[in-house]
Amino acid sequence: MDNISSEERLYTALASVPIGTIIAYGELASAAGLPGRARWVGRILSQLPSDTQLPWHRVTNAQRRISFPLGSDRFFEQSARLQREGLQISSTGKVSLPN
DNA sequence: GGCATGACGCTAA
DNA sequence: TTTAGCGCCATGC
């Protein structure tokens with residue numbers, strides 16, 4: 001399965017995302033060499049172990065919104081991490097730069 | 001093989 | 001800004 005090499009590219013691209021920056025699923029997919037496979041990226045991230053070192057919290061959808069239901073544990077965790085990196089989260093879950 | 005589901009994306013209204 | 005519809009692909013039943 002050549003998907004494995006693509007996964008490695010995905011992990012590399014994700015690890016290369018600077019602090020205080022967010023990237024969309026589609027962008028990550030393109031960076032991994034699989035343009036248009038945003039759902040594939042989401043599926044991979046959903047299977048990441050809890051002890052991962054990857055900045056999965058810097059990944060949002062194309063609308064710069066956290067792709068978790070408001071009020072869910074995952075939503076709070078991601079928003080907390082992003083805020084810790086200097087980003088601002090609106091009440092609707094949209095991520096914006098403080099700049 | 002068919003159908004439903006999901007950490008998605010885009011366009012239209 | 002939100003909702004709805006359609007397209008897309010991987011998985012599981």
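The sequence lines fix the lettering, A, B, ..., with proteins before strands; numbering per chain opens at 1.
A:Arg58 places a side-chain N or O within 3.5 Å of a backbone atom of A:Val17 that can act as its donor or acceptor partner. Checking side-chain atoms of A:Thr52 against main-chain N and O of A:Pro49 turns up no donor-acceptor pair under 3.5 Å. Between the side chain of A:Gln78 and the backbone N or O of A:His57 there is at least one donor-acceptor pair closer than 3.5 Å. A donor-acceptor contact shorter than 3.5 Å links the side chain of A:Arg65 to the backbone of A:Thr92. Between the A:Ser16 side chain and the A:Thr12 main chain, a donor and an acceptor come within less than 3.5 Å of each other.
Salt-bridge annotation for A:Arg81 and A:Glu85: absent, with no side-chain N of the basic residue lying under 4.0 Å from a carboxylate O of the acidic one.
Look at the P atom in both B:dA7 and C:dC6: the space between them is 22 Å, to the nearest Å.
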Review point. Just by protein heavy atoms under 4.0 Å, how would nucleotides 2-13 of chain B read 5' to 3' in B, S and -?
Key: ----BBBSS---
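Side-chain atoms of A:Arg64 and A:Ser96 include no donor-acceptor pair closer than 3.5 Å.
Few gaps surround CD on A:Gln47; more than 12 heavy atoms of other groups in view lie less than 6.0 Å from it.
A heavy atom closer than 4.0 Å to some atom of DNA chain C occurs in A:Thr92, A:Lys94, these being the qualifying members of residues 85-95 of chain A.
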